[in-house]
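Data block below; observations after.
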Amino acid sequence: TGKVSIIIPYYNSNEFIKECLDSIFQQSYPNLEIIIINDGSDAENTAYLESLLTDDRIIYVKNEENRGVAFSRNKGLELATGEYVYFLDSDDALTHNAIEVLVHHIQEFPVISGRKKRLVRSSDYVPLPSAKSVDTDDAEADNDDETISDDEFALGTMPEFEDVKIKYKQTFSSRERSILNLLMKREFIEENQIRFYEGTRGYTDISGLVQIFSAIDSLPQIKVRTYYKRTGIAPIMKPALIQRPIEERTIDFIQLYLDLNKKYRKNEQAKNYLDKLLLGFYRRSAIFIFREPNNFEKFFQLIAGALDCFNWQLLASQPRHIRIEFGYLKQKDRNKFRKTMQFHIAAREMRNALKRPATLKRYVYKKAFQFVAKRETDPKLIMFESFLGKQYSDNPRAIYQYLKENYPDYKMYWSIDPRFRSAFPDKGVPLVKRFSLKWLFLMARARFWVTNSRMPLWLPKPENTIYLQTWHGTPLKRLAQDQKEVLMPGTTTDKYKKNFYKESRNWDYLVSPNPYSTEIFRRAFQFDKTIVESGYPRNDVFYRSDLAERAMTFKKKHGLPLNKKVILYAPTWRDNQFHQVGKYKMDLQLDLTKLQQELGSEYIIILRMHYLVAENFELGPYEGFAYDFSNHEDIQDLYIISDLLITDYSSVFFDYANLKRPMIFFTYDIDEYKGDIRGFYFDFEKKAPGPIVKTTEEVIEAVKFLSQGNIPNEKLNEFYQRFCSLEDGHASERVVKEVILKNE
Ligand code: C2G
């Protein structure tokens, strides 16, 4: 029962550290030394971590700046005094008896491993179940990421130690790339001077593993789940995950491979492992590395160079195309390699395409698109789209209308989702169905794409097309890379962030409504091209002199009573409440019966749901009082006719503030929303330019209070200065001049 030193590097991961530490504090094996290396975390993360350091078995050290995980783990090894060492990551956790089971079984071996379970969402974590023995000896056994149902897991009991199955590994495959979940004797570590390579940012685990593998004959793996590995939840802005493009990772990997080769080429076990890693890396990454023509020469040389020390016998079991490619790399025949690689890439695309009719269709479409896009772009052709073709609205519409009035020689089209045809004018606006053949021709030849949301990622932007991304709101809710955990259905945090990153690579210009948004957009979208800080084109309308006439015309056209004041209710959507992918739920928490009783004589209410919300409200009983304008083409019209806005965390209030009319924030779920669901960029409760309320009664009270002229003018002005001061009715003009006219 020797002491175990658990080594945990920590870098800005305060969302998960409590779970991690609790899982150690409650280990059934008490003889622990818990070494935590704070690797230059920011003040907030540091303070939180430090508040949790209550156990006197903890040794806590800080790096002055962020030095990387290899450095931190090495430091941990220097500090460790236990008989055993064990690495744990600060966003992972252990099962209740993990250490006990590992220590029990290590016996005379220098190293032993347990098994891992993946946590994809934080809610998958079941606090502290005991390790459970796995008795199926399935083909997956080599893969330490297993998928089992949570139920089975939660019911896990302490295994009878004698019953635990053990597998002894003598060779190490390229799947073994993690130092986590290995219990190691410290004497062994020190005798072999095992340390992590600090010269690269990635792949440092393998630098430790290769040393271990070079020094052992056999690695026992007990078939007991001991470790929860969190995947798919990228802590905000962890550069390791998304910002490290394939080029950088390739350079890191090859550097490490060459370096380790020098040291271990005489050790068969280690050499074998390294070469398998190289093969694995090549097979996973080659097509991504060589797909980009500009990278070709550099990476050809790099990889061909690395192969000088490769053991060619390993190739025998590889597929034919890999053998051929490696052959050309070895001969340094770049032309033949290039041709083979092009074929490989094309064949792979084709194979993916043939999987399903839908992917085949897309493949053919994409090829046709690329073919058309080879022709020159038409400098007068502009394609517009708003909210994925669902609306004729927002910034794209304002820019469109400005151009139409002032530069009528442009050929302009609106891309529409045919299911939303009724949200577009009957005539006067040229419409084209998204993904139709005509759309393909227009999109592939247009000089400009103007949109406020994302484009399908599989659609290759033509080389000379300029993509103007207007976005659709000043952010209060955390955006894109700034989101901690993405709860939307049909994606994971990792996938979402990666896709967002790819999407924003395509943008050439981004419109920003104010300096506050500029700063956020730069970071959250990882955008370093031109930001046009112009104010929002969609808000130009507020600065026209005919707002009253417009309101009157609108009310008459839609049969709204002219003698009543108008309340607009426009809430946002909830990431974690949905019917299916892309269709979100909205409980109407506002009690319309009460509202009508209390306010009906003076007011009507217009309901406007977010475009992602798919909900049909039964408004029959409230005829003459409540109206559903969720499908109306553009919310700007509704702002103009309303006398008061009720919203929540939606960016609508940044726009509405331009009108300097009263606002109420109906935030019945604020704690949950500002916490787990999204998180905010500023202290909303302090800065909101109007009362914050949680119940219908409070809404009614607030409406009455505001209608007596109690407008919080000071807050409203402060808010206006911060978010609306660029708005003057000329934002569209500024965008057109900066983006369209300059690039014709
Ligand atoms: N919107 C609307 N009706 C609503 C809510 C929003 O028409 N009930 C429109 C508004 O133009 C708003 C935009 O959709 O500005 C974006 O809506 P948000 O509620 O802010 O939500 P989201 O689409 O998540 O965008 O940077 C801004 C954020 O990305 C928010």
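Atoms within a ligand are numbered from 1 in the order they appear, just like the ligands themselves.
For atom 13 (C) of ligand 1, the nearest non-hydrogen atom from the set Q391, M609, H472, R608 belongs to H472.
Of all atoms in ligand 1, numbered sequentially from 1 with element shown, those under 4.0 Å from a heavy atom of G473 are 26 (O), 27 (C). Atom numbering of ligand 1 starts at 1 in the shown order; those under 4.0 Å from a heavy atom of S651 are 12 (C), 13 (C), 15 (O), 16 (C), 17 (O), 18 (P), 19 (O), 20 (O). Heavy-atom contacts of I635 reach the following atoms of ligand 1: 2 (C), 3 (N), 7 (O), 11 (O) (cutoff under 4.0 Å).
The proximity of L479 to ligand 1, defined as any non-hydrogen pair under 4.0 Å, is limited to the side chain. Of the heavy atoms in F387, only side-chain atoms (C-beta onward) come closer than 4.0 Å to ligand 1.
Scanning the protein for heavy atoms near atom 21 (O) of ligand 1, the closest one is K477 NZ, 3.1 Å. Looking only at heavy atoms of the protein, atom 11 (O) of ligand 1 is closest to R538 NH1, 3.2 Å. Among protein heavy atoms, the minimum distance from atom 10 (C) of ligand 1 is reached at V652 CG1, 3.9 Å.
Classification of the F369-Y365 ring pair by plane angle, with boundaries at 30° and 60°, yields parallel. Aromatic ring pairs are classed by plane angle as parallel below 30°, tilted from 30° to 60° and perpendicular above 60°; the pair F723 and F719 is tilted.
Geometrically, K404 does not engage Y410 in a cation-pi contact, judged by NZ or CZ lying under 6.0 Å from the ring centre and within 45° of the ring axis. For the pair R661 and Y639, the NZ or CZ position fails the cation-pi test of under 6.0 Å to the six-membered ring centre and within 45 degrees of the ring normal.
Residue contacts with ligand 1 include Y611, since one of its heavy atoms falls under 4.0 Å from the ligand. Not a single heavy atom of Y649 sits under 4.0 Å from any atom of ligand 1.
Under the salt bridge (Lys or Arg N to Asp or Glu O under 4.0 Å) rule, D575 has a single partner from K585, K477, R678, R478, which is R678. Of the residues I606, L599, L590, the one that meets the side chain to side chain contact (heavy atoms under 4.5 Å, CB included) test with I567 is L599.
Note: an N/O pair closer than 3.5 Å links S650 and ligand 1 by distance alone. By the 3.5 Å distance cut-off applied to N or O atoms, P571 is counted among the residues near ligand 1.
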Does the side chain to side chain donor-acceptor pair (under 3.5 Å) test come out yes or no for T667 and D648, once each step is laid out?
CA-CA 5 Å; T667 55; D648 45 21; over 6 Å; no
Do F554 and H632 pass the ring-ring contact (aromatic ring centres under 6.0 Å, His included) test, and can you show the C-alpha distance, the side-chain angles, and the key distance before you say yes or no?
CA-CA 12 Å; F554 186 94; H632 181 68; 5.2 Å; yes
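Atom CG of N616 sits in a sparse spot, with 12 or fewer heavy atoms from other residues, nucleotides or ligands closer than 6.0 Å.
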